[in-house]
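What you see below is based on every heavy atom in this structure, not just the backbone, and it leaves out hydrogens, waters and symmetry mates. Convention: sequence-line order gives letters A, B, ...; per-chain numbering from 1.
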Protein chains: 2
Amino acid sequence: MPKKSKLKFMALGGLDEIGKNMYVYEYENDILVVDSGLAFPDDEMPGIDLVIPDISYLVKNKERVLGILITHGHEDHIGALPYVLKELNVPVYGTNLTIGLIECKLREHGILKQCKLNKIKAGSKLKLGSFLVEVIHSNHSIADSVMFAIHTPEGIVIHTGDFKIDCTPIDGSMIDLAKLGELGRRGVLALVSDSTNAERPGYTMSERSVGAKFDEIFMSAVNQRIIVATFASNIHRVQQVIDSAVKYGRKVAVSGRSMENILEVASELGYMKVPQGTVVKLDEVKKYPPNKVVICTTGSQGEPMAALSRMAMNDHKTIEITPNDLIIISASPIPGNEKMISKVIDELFKKGASVIYNSLDDVHVSGHGKSEELKIIIGLTKPKYFIPAHGEHRHLMMHKRLAELMGVKPSNIFILGLGNVLEMDKDSARISGNVPSGKVLIDGLGVGDVGNIVLRDRKHLAQDGLIVIIVTIDSASGEIISDPDIISRGFVYVRESEDLITQIKERSLKAIEDCLADGSRKDWGAMKVAIRSQLNAFLYQKTKRSPMLLPVIVEV
Amino acid sequence: MPKKSKLKFMALGGLDEIGKNMYVYEYENDILVVDSGLAFPDDEMPGIDLVIPDISYLVKNKERVLGILITHGHEDHIGALPYVLKELNVPVYGTNLTIGLIECKLREHGILKQCKLNKIKAGSKLKLGSFLVEVIHSNHSIADSVMFAIHTPEGIVIHTGDFKIDCTPIDGSMIDLAKLGELGRRGVLALVSDSTNAERPGYTMSERSVGAKFDEIFMSAVNQRIIVATFASNIHRVQQVIDSAVKYGRKVAVSGRSMENILEVASELGYMKVPQGTVVKLDEVKKYPPNKVVICTTGSQGEPMAALSRMAMNDHKTIEITPNDLIIISASPIPGNEKMISKVIDELFKKGASVIYNSLDDVHVSGHGKSEELKIIIGLTKPKYFIPAHGEHRHLMMHKRLAELMGVKPSNIFILGLGNVLEMDKDSARISGNVPSGKVLIDGLGVGDVGNIVLRDRKHLAQDGLIVIIVTIDSASGEIISDPDIISRGFVYVRESEDLITQIKERSLKAIEDCLADGSRKDWGAMKVAIRSQLNAFLYQKTKRSPMLLPVIVEV
């Protein structure tokens, strides 16, 4: 009897991390990818700009990849596309706004023309090899987000992407729970669901609640200029700023490149309703009285180069913060950004401005469903297998607990690691192997050329700096020609440490002389080792620091 | 008429920051210092171990400094003492436990014997020059915390230190609100008060509420081993772990050097009640069934070298985490530590352990009073002048608002910066000048030898690494003797970038040859500039990175 085919699922990104989402479905010869996101570097990756998934498995199986489905237009779901499509030029499928944002991105990378972008609609179906993909309307902090129901020969898999259940969203249409329920009744093989807020009890508030709060603030800010910082991609949030502005007779200007880009794309595609004459250019703001304008800006995470930080640091070319400004930070800090955003808030306060930044003030809601919402999705879809995705390990574990509460058999819940291959059919599921997975680091134009050794050196250099010791030796006689030259950077302030530098010279000289006396003449390798070990011990004893030591022997 | 003397107040640390608290009171010839704390370095200070205040003003006025009063034994209030006392060996005054912890610290630095430590008691008074200091019992997350009422010829200043109002503290005694009220009735010139939680509404829960939660958890963890991570200095928290352990028949072991130290000091001084036979050595834990032990450990902030991180990373010499472990993280992340602690929690989850870490789970309470408590202190003391202290700028601003609500005149509230001198008497107060203030960085044994230039270099090196270019030139003929040697670290992985390295060599050579042709022979400075500018432009165009370039010209 021939071996029966099974459905395979694996994640190349998005598990044990928030970021670089990329999930792979495979059946016989057909491979389907969902999302292609980037992650931001952490403290362990100095100098790195972005992180993308390792896609060597996909590249190796290039001809079998049918396409990449995109759930929504956030960076952690589309940001790796320019890099991925350069290696793997397969069709990309996304909704209207999502494709609009992807176009922007690919244009910047100069590869838009060669890419195959396809628009899909919530409610429609798409046949890709042995897969039939149903596109399901969803709610999230960016418009036009969708889920996918992937019909496979082994059954239906529901891939949620990021979602919340918003009964009163700004674009008017609630997540298609009925469709999920219908699929649940037919029988769902597996649910792959967003775990971001699995550790939070209760429900996430509706996006609309933020608008109500904006109205309240706008109403009472009778004389102040208002500045709202939020994620550029949250066009519903921006829409609500505009709505409140219109209601209270203010003009709206935007600041920050990504805010301008997204506003343009969203307006062009009809995702925003902006009454004629509402939006003005940023340099026209000064023509209006402060209480007749709102500035919508990037920088809600305190990013040092973003518009809000520049305003706070007196470094913005058009906007100067005054005590008459009321600044609303309509976002939560992404873990790791807390200190950056605090710094910006402090600077704004120092300029006398009022700042509303506390999540307690209801000026922000999450885009991800909390535990009650996650349970509703599990309850509607009644999956046989459950795979928590999109989260750090603890989020996946908390989501597992919720699934257990909802009656999913513990042995049918799979906490996967990146690259784990889960094979499943109607009868059983198990981890059957691994494909390569990991982080590819982007540094400037380099993709993957910075690895562990380079990072280790950067961290070492950042900790204690370096000392270069240059020794010139006569190749004929083997004698030292002149005193060693010492260059130090990031170690001590040389002008105030002349003694120490002199001692470093003496120690280096002694190390070489010992070597020469020892008969290691011409063994430059041994000399370098000797200089390093002498200096290392000496410097650690003197300073309790271990700068990187780079001995250079010049032979003439 | 001679100029009337005024009371001066200034902060050398603790304003616009959480950390390195140090406040100075000065009247005529007398200077009194309150607290002497350290701060931890932020991302802008790679390689730095600790930060202490700039005390040059005190050193310059050495003979006038009467002593240092310490409010409580936390690092951000006592941590700079070893460095300060080396420069300024003045008497130190603190309560029993505080002095015990200071002794530990000074012993480690080998200067205990030469220091003048003095124990003071809540309720007592201390005459120091023109100051009469009243010691007032307070509540905080460390035992034996006090406030000071400093009676000066111009009036009474109340310096709160860190505090909360805990009606049911573990050491049995509530903050001495009656004394504050009495002073308020007599008339308080100024209140200098803790702003940490000024942005949080409501009240901070009692420390005792955590114990009740511990009991609940211990009761239901019938079969599990329990591990509690908390701040070593929170001896009331540790006491409550011990209490619950005794109640539910478990032995207690401690892990982490600071936990062992503090437990020893606190027990010796009678601050802990530990029934005979309760505490066992860490390596004896394995002799007991898991459900008969509790391990109390350091590492609640995810510090990589602390015991809990070591356990999570499988790197602890005695304790191995198993799926049968229940870990309670009884602390909140200090801003900036969120990602480190998440990493530890994820690793614990990966080992199958259960982890209780959410502040929603009531396993931690703050040591700082929230806005209602801050208002009570203002209401009781009714100060003429109000100086919010101990907080980032936004905390000070929020505290200012609370004081305004309580009826303090806005013009009598002073948001000071470090080094600002506030002069006050019964009639008026104003900022009259500035004294030197700032950060002194401790790196290994170096105090203050790492400054902005060194930090800038470290950050540059961390971002893009470095390239050393060594060119040997014949001093007689001015000709290049051999091809340049290139050493790179932290830039690219050299073995995979041979082409680039070759191009760097060629470019460097060309730059020198141009210089030589240009007649700049022997102008090594100009040559270095030429190499740098050639390579900078080339590398940025090729890689969009800007490594540090160190050209070395060896003349023979």
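- The side-chain heavy atoms of A:Ile334 and A:Phe40, taken from C-beta on, include no pair separated by under 4.5 Å.
- Of all the listed residues (B:Ile470, B:Val454, B:Asp346, B:Ile453), the one sharing the greatest number of non-hydrogen pairs under 4.5 Å with chain A is B:Asp346.
- In this structure, chain A has heavy atoms under 4.5 Å from both the backbone and the side chain of B:Glu392.
- Within the 4.5 angstrom heavy-atom criterion, atoms from both the backbone and the side chain of B:Arg489 approach chain A.
- With B:Glu199 as the partner, the salt bridge (Lys or Arg N to Asp or Glu O under 4.0 Å) test is satisfied by one option alone out of B:Lys370, B:Arg394, B:Lys400, B:Arg401: B:Arg394.
- Options B:Gly336, B:Ala462, B:Gly417 differ in how many heavy-atom pairs under 4.5 Å they form with chain A, and the most are formed by B:Ala462.
- Interface residue A:Val554: only side-chain heavy atoms are found under 4.5 Å from chain B.
- Your options are B:Asp464, B:Ile345, B:Val450, and the one with the most heavy-atom pairs under 4.5 Å with chain A is B:Asp464.
- Under the salt bridge (charged side-chain N to carboxylate O under 4.0 Å, His left out) criterion, A:Lys350 pairs with A:Glu347, B:Asp16, not counting sequence neighbours.
- For a residue to count as touching a neighbouring chain, one of its non-hydrogen atoms must lie under 4.5 Å from one of that chain's; by this rule B:Val556 touches chain A with the side chain only.
- Ranked by heavy-atom pairs shorter than 4.5 Å toward chain A, the options B:Lys459, B:Lys544, B:His460, B:Gln463 are led by B:Gln463.
- Heavy atoms only, all atoms of each residue included: A:Leu539 and A:Leu500 are closest at CD2-CD1, 4.4 Å.
- At a 4.5 Å heavy-atom cutoff, the contact between B:Ser342 and chain A is made by backbone and side-chain atoms alike.
- For chain A, the option among B:Leu466, B:Ile487, B:Leu455 with the highest count of heavy-atom pairs below 4.5 Å is B:Leu466.
- Heavy-atom distances place the side chain of B:Met548, and not its backbone, under 4.5 Å from chain A.
- Listed by chain and residue number, A:His77, A:His368 satisfy the ring pair (Phe, Tyr, Trp, His ring centres under 6.0 Å) test with A:His390 (two or more places apart in sequence, or in another chain).
- Counting non-hydrogen atoms of neighbouring residues, nucleotides and ligands closer than 6.0 angstrom, the OH atom of A:Tyr540 reaches no more than 12 such neighbours.
- Applying the 6.0 Å contact sphere to CE of A:Met305 captures no more than 12 heavy atoms from other residues, nucleotides or ligands.
- Only the backbone of A:Thr543 comes within less than 4.5 Å of a heavy atom of chain B; no side-chain atom from C-beta onward does.
- Using a 4.5 Å cut-off on side-chain heavy atoms (C-beta onward), A:Val468 and A:Asp485 make no contact.
- Proximity to chain A is limited to the backbone of B:Gln541, based on heavy atoms less than 4.5 angstrom apart.
- Each of B:Ile415, B:Leu550, B:Leu348 has some count of heavy-atom pairs under 4.5 Å with chain A, and the biggest count is that of B:Leu550.
- Ring orientation note: the planes of B:Phe349 and A:His393 are tilted relative to one another, at an angle of 30° to 60°.
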